[in-house]
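Chain identifiers are assigned alphabetically (A, B, ...) following the order of the sequence lines, protein sequences preceding nucleic acid strands; residue numbering begins at 1 within each chain.
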Amino acid sequence: MAKGLPKRSEDFSAWYNELVGKADLAEHSGVKGCMVVKPYGYAIWENMKAVLDQKFKETGHQNAYFPIFVPKSLFEAEEKNAEGFAKECAIVTHYRLKNDPDKEGKLMVDPAAKLQEELIVRPTSEAIIWSTYKKWIQSYRDLPLLINQWANVVRWEMRTRLFLRTTEFLWQEGHTAHATKAEALEETEKMMYVYADFAEDYMAMPVIKGLKSESERFAGAEDTYCIEALMQDGKALQAGTSHFLGQNFAKAFDVKFADADGKQEYVWASSWGVSTRLIGGLIMTHSDDLGLVLPPKLAPIHVAIVPIYKGGEQLAQISEVANKLKADMQAKGIIVKYDDDDKRKPGWKFAEYEMKGVPVRIAIGPRDLENGTVEVARRDTLEKESLQQEDLAIKVEHLLEQIQINLLDRAKTYREEFTNVATTWDEFTELIDNKGGFVHAHWDGTEETEQKIKEETKATIRCIPFDQKEEAGSCIYSGNPSKGMVLFAKAY
RNA sequence: CGGGGUGUGGCCCAGUCCGGUCAAGGCGCCUGGUUUGGGACCAGGAGAUCGCAGGUUCGAAUCCUGCCACCCCGACCA
């Protein structure tokens, strides 16, 4: 593993890219815009997935799986949704290759194997799912229908970045059907809270909950709820969205149900999703110039134990202590790696576990054998202290809790520092251009103004925060009346 | 889609302008030995049709033509 990372302060983008590689999270594949998620990175995703999956089930959802291909005729049924995604679709047109008569050993697309109807590789699954729901829903007794799917989707973006925006990515998408508007709205909001709780409690990533402006709304939605996080470079990251779809998809796919009075009604819908992008958010929220910093609740390894020894005999003595401590910690559900690999020196291992963001490192050497101690180093603050071996598992358990709390606190403090209010256009541009971060400002509510602000500053409305108070003001750009402030930032 | 790069052992890359012991170096890997409290060292060893296809030439990683792929910066988006 190579040494050192670029400094965040000098080139945040290069820092991020190199960190992803050096922490062994993912790498570029031979396929444009597509990544290989490596075991360590995938382990983080699995941890995220496990927690979210449980939360979805606790809120009454079931998992199912729908096809990756969407026939074009289904795809185009909900017009706005289709239009929104049309520019970034991969399309299957043929189903067979054959030997190329002109090029020995090469294959070509068999023109005889052209599909009658093209298949769209799902950029999202509303179409295929709602065409299925039509068959599943007849009566109010079939509602609510609460389904989640873990899947891959493809969006042919112009420009990609590992985890943050890849052509293919992993995500979950919830698709629910309800008898009433109120119920669908409640669901939409509920899932946004599930995401927000996950972001804060597990990722230690504070988020702002709010509503997207019309132009930022999901294609085909009536309303998009979102959680927005702030990265260390002052840019915002949309970390999750939950959409109230109204009856748009029900109407497009003719999904009606008989209510208790036998009257036919269109069902109400929501959809919501988070993706492997969360890993990008996790990285950019906590990590430092030494590498990844992971919150204990999502770290694949909680504790790495590094022996420091001279000769096999000493190693054996240390291993005895290490294995006992490891067993104690494991009994408390702490994931421990005892790294007695003789091919690496301690210094190398220290740097390696720092790069990989392991929350706690324990070193045990001859001094410790004598004193009955171990050296405990925490990744978040880089502090080291010597602790007695007695009750170490309990101490480490507490330490992991503290690290989890500290990471969230630190991220909150950072976000507070980089959240400001602008009352004039000058203040606004000054903040956006020079300081970065979130900027609260009055907006006249028009798409035109939103667009102009974006053109002139690159800042977009991240959301209309739920906890924003209603107050009369005047738009920082147009000077027209505003009903309240909204949240601006440059975004990923 | 514009702009800029890159493609050479598993990885990072030198060499390309100026064609000829040029396929160099570092990391990693294998063998042996010494080491081990912040990325060890010594000795020996294995590993490359220089992105692909043509062409020029006595001779091409190097020059010419065409193609392909990926990355980075923007516009578009999760």
Chemist: Which nucleotide wins on minimum distance to the side chain of A:W348, given the candidates B:rG39, B:rC70, B:rC76?
Modeler: B:rG39
Chemist: Rounded to the nearest 0.5 Å, how far does CZ of A:F169 lie from SG of A:C34?
Modeler: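 Separation between the atoms: 11.0 Å.
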Chemist: Just call it for A:F169: base, sugar-phosphate, or nothing, with non-hydrogen atoms closer than 4.0 Å on any strand.
Modeler: base
Chemist: With a 3.5 angstrom cut-off on both distances, give the Watson-Crick or G-U wobble partner of B:rA23, or none if there isn't one.
Modeler: none
Chemist: Which nucleotide in the list B:rC77, B:rG39, B:rU36 gets nearest to the side chain of A:I308?
Modeler: B:rU36
Chemist: For B:rC13, what is the paired nucleotide under Watson-Crick or G-U wobble rules, both distances under 3.5 Å?
Modeler: none
Chemist: Pick base, sugar-phosphate or nothing for A:Q238, based on heavy-atom distances below 4.0 Å to the nucleic acid.
Modeler: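 Sugar-phosphate only.
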Chemist: Hey, does A:G33 reach any base, or is it just sugar-phosphate, or nothing, if we go heavy atoms under 4.0 Å?
Modeler: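 Touches sugar-phosphate only.
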Chemist: Looking only at the side chain of A:M355 (C-beta and beyond, no hydrogens), which of the listed nucleotides B:rU36, B:rG74, B:rG39 gets closest?
Modeler: B:rG39
Chemist: Would one find a side-chain N or O of A:K458 under 4.0 angstrom from OP1 or OP2 of B:rA75?
Modeler: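 Checking B:rA75 against A:K458, a side-chain N or O does come within under 4.0 Å of OP1 or OP2.
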Chemist: Within a 6.0 Å radius of atom NZ on A:K452, are there more than 12 heavy atoms belonging to other residues, nucleotides or ligands?
Modeler: no
Chemist: For a quick check of understanding: with a heavy-atom distance under 4.0 Å over all strands, which category does A:R161 fall into, base, sugar-phosphate or nothing?
Modeler: nothing
Chemist: Please tell me which of the listed nucleotides, B:rC76, B:rC72, B:rG39, lies nearest to the side chain of A:K87?
Modeler: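 Taking heavy atoms from C-beta onward, the closest nucleotide is B:rC76.
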Chemist: Would you please confirm or rule out a distance under 4.0 Å between OP1 or OP2 of B:rC70 and any side-chain N or O of A:H28?
Modeler: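 No, outside the criterion.
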Chemist: Whom does B:rG59 pair with, Watson-Crick or G-U wobble, provided both distances fall under 3.5 Å?
Modeler: none
Chemist: Could you please name the partner base of B:rU31, counting Watson-Crick and G-U wobble pairs only when both distances are under 3.5 Å?
Modeler: B:rA43
Chemist: Measuring from the side chain of A:D342 (C-beta onward, heavy atoms only), which nucleotide among B:rC77, B:rU36, B:rC29 has the closest atom?
Modeler: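 From the listed options, B:rU36 comes nearest.
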Chemist: So if I take every side-chain heavy atom of A:T166 and compare against B:rC76, B:rA78, B:rG38, which nucleotide ends up nearest?
Modeler: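 Out of B:rC76, B:rA78, B:rG38, the nucleotide with an atom closest to A:T166's side chain is B:rA78.
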Chemist: Kindly state whether the ring of A:F218 and the ring of A:Y225 have centres lying under 6.0 angstrom apart.
Modeler: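 Distance test on ring centres: not under 6.0 Å, no.
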Chemist: So A:E354, base contact, sugar-phosphate only, or nothing? Heavy-atom distance under 4.0 Å.
Modeler: base
Chemist: Is atom CD of A:Q451 surrounded by more than 12 heavy atoms (other residues, nucleotides or ligands) closer than 6.0 Å?
Modeler: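 Yes - once you tally the heavy atoms of other residues, nucleotides and ligands closer than 6.0 Å, there are more than 12.
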Chemist: Have a look at A:G273 and say if it touches a base, only the backbone sugar-phosphate, or nothing, with a 4.0 Å heavy-atom cut-off.
Modeler: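 Touches nothing.
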Chemist: Within the structure, does a side-chain N or O atom of A:K310 lie under 4.0 Å from either OP1 or OP2 of B:rU34?
Modeler: no
Chemist: Is any side-chain heavy atom of A:L25 less than 4.5 Å from a side-chain heavy atom of A:V37?
Modeler: no
Chemist: Heavy atoms only, 4.0 Å cut-off, all strands: where does A:V153 land among base, sugar-phosphate and nothing?
Modeler: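 The answer is nothing, as A:V153 stays clear of every strand by at least 4.0 Å.
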Chemist: Mind checking A:P307 for me? I need base, sugar-phosphate or nothing, with any heavy atom below 4.0 Å counting as a touch.
Modeler: nothing
Chemist: I'd like to check A:R361 versus A:K349 (side-chain heavy atoms, cut-off strictly below 4.5 Å). Are they in contact?
Modeler: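 Counting from C-beta outward, A:R361 and A:K349 never come under 4.5 Å.
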Chemist: Mind checking if A:L164 touches a base, just sugar-phosphate, or nothing, with heavy atoms under 4.0 Å?
Modeler: base
Chemist: Give the nucleotide from the list B:rU36, B:rC72, B:rA78 with an atom nearest to the side chain of A:R155.
Modeler: B:rA78
